[in-house]
S.K.: 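This is the structure I have questions about; it appears just below.
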Amino acid sequence: YWGEAAQLYFDMLNDISFVSLYSTTRYKLWLTLADICMQHPLQVKRAGLDFDAIVRMALALSKAEDQQLGKMEGTLWTKQAYYCIRLGSFEVALSVYEETLESVLHVRDFTLIFDAFVKFEEGIVEALMELLQ
């Protein structure tokens with residue numbers, strides 16, 4: 001069901017004429033889509049959604065149109081990295097963190113991504129230490 005929900009949110013966000021009955025902003029819709037993808041990555045992937053491509057497209061459009069979505073760049077990138085972690089794609093998550101740390105423009109975004117990256121690295125080190133014992 002979560003894959004279908006993510007697909008519906010994606011379809012709503014791609015429909016420029018869509019207006020929420022509950023006055024939900026596009027910003028909130030993007031956050032909800034990202035949360036669904038992050039928390040249920042297997043179902044989202046089975047539904048055929050490419051969360052990486054969605055994040056990149058959303059941020060590129062946002063920067064081009066100078067919209068509010070750019071204010072959540074760090075949030076979207078960290079959710080994408082967490083999505084990769086939940087799928088077990090640790091190298092991909094690492095590359096997401098490294099790429100975004102080099103490309104974000106705002107201190108707030110850098111701090112958010114850096115904190116998530118450090119937490120990820122700490123988890124890797126803890127797992128390796130447990131294996132060595």
Side-chain angles (χ1 to χ4, degrees):
Y1 300 111
W2 290 108
E4 292 174 28
Q7 183 66 53
L8 287 172
Y9 271 96
F10 183 66
D11 292 343
M12 285 186 287
L13 288 163
N14 278 331
D15 183 359
I16 295 173
S17 64
F18 174 77
V19 177
S20 170
L21 295 174
Y22 301 104
S23 300
T24 306
T25 64
R26 293 183 72 73
Y27 178 84
K28 179 66 177 155
L29 292 173
W30 275 111
L31 283 177
T32 303
L33 173 61
D35 285 339
I36 291 170
C37 292
M38 178 188 71
Q39 294 169 2
H40 308 281
L42 290 174
Q43 290 137 328
V44 169
K45 192 171 184 175
R46 281 189 209 123
L49 288 177
D50 182 358
F51 188 53
D52 177 59
I54 292 169
V55 169
R56 291 176 188 280
M57 177 195 65
L59 291 172
L61 288 173
S62 177
K63 286 180 182 179
E65 297 173 6
D66 196 28
Q67 292 181 351
Q68 185 181 17
L69 195 57
K71 295 179 184 176
M72 60 184 255
E73 183 176 10
T75 303
L76 282 177
W77 284 123
T78 54
K79 288 179 188 278
Q80 184 201 348
Y82 191 69
Y83 167 85
C84 295
I85 292 167
R86 300 265 320 233
L87 284 174
S89 303
F90 301 113
E91 291 93 15
V92 176
L94 180 63
S95 68
V96 168
Y97 284 128
E98 290 172 348
E99 175 189 349
T100 56
L101 284 172
E102 293 176 7
S103 66
V104 293
L105 301 175
H106 302 288
V107 173
R108 175 182 36 84
D109 293 328
F110 181 87
T111 303
L112 185 65
I113 295 166
F114 184 77
D115 289 345
F117 179 54
V118 168
K119 191 174 180 182
F120 169 71
E121 288 290 325
E122 286 174 349
I124 297 291
V125 170
E126 285 177 20
L128 290 173
M129 294 295 287
E130 286 180 20
L131 285 175
L132 294 174
Q133 294 178 357

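Residues take their numbers from the sequence shown, with the count starting at 1.
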S.K.: What are the two closest heavy atoms between Y97 and I85, and how far apart are they?
M.R.: OH-CD1, 4.1 Å
S.K.: Evaluate whether atom CD1 of I16 has more than 12 neighbouring non-hydrogen atoms of other residues, nucleotides or ligands under 6.0 angstrom away.
M.R.: no
S.K.: Do M57 and V44 belong to the same hydrophobic cluster, where Ile, Leu, Val, Met, Phe, Trp and Tyr are linked whenever their side-chain heavy atoms lie under 4.5 Å apart, directly or via other members?
M.R.: yes
S.K.: Nearest 0.5 angstrom please: T78 OG1 to D109 CG, how far?
M.R.: 9.0 Å
S.K.: Roughly how far, to the nearest 0.5 Å, is the NE2 atom of H106 from the CD1 atom of I113?
M.R.: 11.0 Å
S.K.: Have D11 and Q7 got a donor and an acceptor in their side chains that come within less than 3.5 Å?
M.R.: yes
S.K.: Heavy-atom distance under 4.5 Å between the side chains of L33 and I54, does that happen here?
M.R.: yes
S.K.: State yes or no: do L87 and Y82 share one hydrophobic cluster built from I, L, V, M, F, W and Y residues joined by side-chain heavy-atom distances below 4.5 Å, directly or via other members?
M.R.: no
S.K.: Any chance you could measure K79, atom NZ, to L31, atom CG, to the nearest 0.5 Å?
M.R.: 6.5 Å
S.K.: Quick check for you: to the nearest 0.5 Å, what is the distance between S95 atom OG and F90 atom CZ?
M.R.: 13.5 Å
S.K.: F110, L112: one ILVMFWY side-chain cluster at the under-4.5 Å cut-off?
M.R.: no
S.K.: Looking only at atom types and distance, does a side-chain atom of T25 sit under 3.5 Å from a main-chain N or O of K28, one as donor and one as acceptor?
M.R.: yes
S.K.: Is the closest side-chain heavy-atom distance between K45 and Y83 below 4.5 Å?
M.R.: yes
S.K.: Quick check: do Q80 and L76 have side-chain heavy atoms less than 4.5 Å from each other?
M.R.: no
S.K.: Could you state the interatomic distance from CZ (R26) to CZ (F18), rounded to the nearest 0.5 Å?
M.R.: 8.5 Å
S.K.: What closest approach, in Å, do G3 and L49 show between heavy atoms, and which atom pair accounts for it?
M.R.: O-CD1, 4.5 Å
S.K.: Before accepting this row, confirm whether a basic side-chain N of the pair K119/D115 lies closer than 4.0 Å to the acidic partner's carboxylate O.
M.R.: no
S.K.: Applying a strict under-4.5 Å side-chain criterion to I, L, V, M, F, W and Y, I'd like to know whether F51 and Y1 cluster together.
M.R.: no
S.K.: Taking a hydrophobic cluster as the set of Ile, Leu, Val, Met, Phe, Trp and Tyr residues connected by side-chain heavy atoms closer than 4.5 Å, whether directly or through intermediates, do M38 and L8 fall within one such cluster?
M.R.: no
S.K.: Would you check if M12 and Y9 make a side-chain contact, meaning some heavy-atom pair closer than 4.5 Å?
M.R.: yes
S.K.: Which atoms form the tightest heavy-atom contact between A58 and W30, and what is the distance?
M.R.: CB-CH2, 3.5 Å
S.K.: Can you check whether F117 reaches E122 side chain to side chain, under 4.5 Å on heavy atoms?
M.R.: no
S.K.: For V96, does its backbone N or O pair with a side-chain atom of T100 as donor and acceptor, under 3.5 Å?
M.R.: yes
S.K.: For the pair R108 and E73, find out whether any cationic side-chain nitrogen is under 4.0 Å from an anionic carboxylate oxygen.
M.R.: no
S.K.: Measure the NE2-CZ distance between H40 and R86 for me, rounded to the nearest 0.5 Å.
M.R.: 7.5 Å
S.K.: Please walk me through it: do V125 and M129 pass side-chain contact (heavy atoms from CB on, under 4.5 Å)?
M.R.: CA-CA 6 Å; V125 170; M129 294 295 287; 4.1 Å; yes
S.K.: Is there a side-chain contact between M72 and L59 (heavy atoms, below 4.5 Å)?
M.R.: no
S.K.: Set out, in order, the CA-CA distance, both residues' side-chain angles and the distance that settles side-chain contact (heavy atoms from CB on, under 4.5 Å) for F120 and L94, then state yes or no.
M.R.: CA-CA 8 Å; F120 169 71; L94 180 63; 4.2 Å; yes
S.K.: Looking at every non-hydrogen atom in both residues, tell me the closest pair between S17 and D15 and how far apart they are.
M.R.: OG-OD1, 2.7 Å
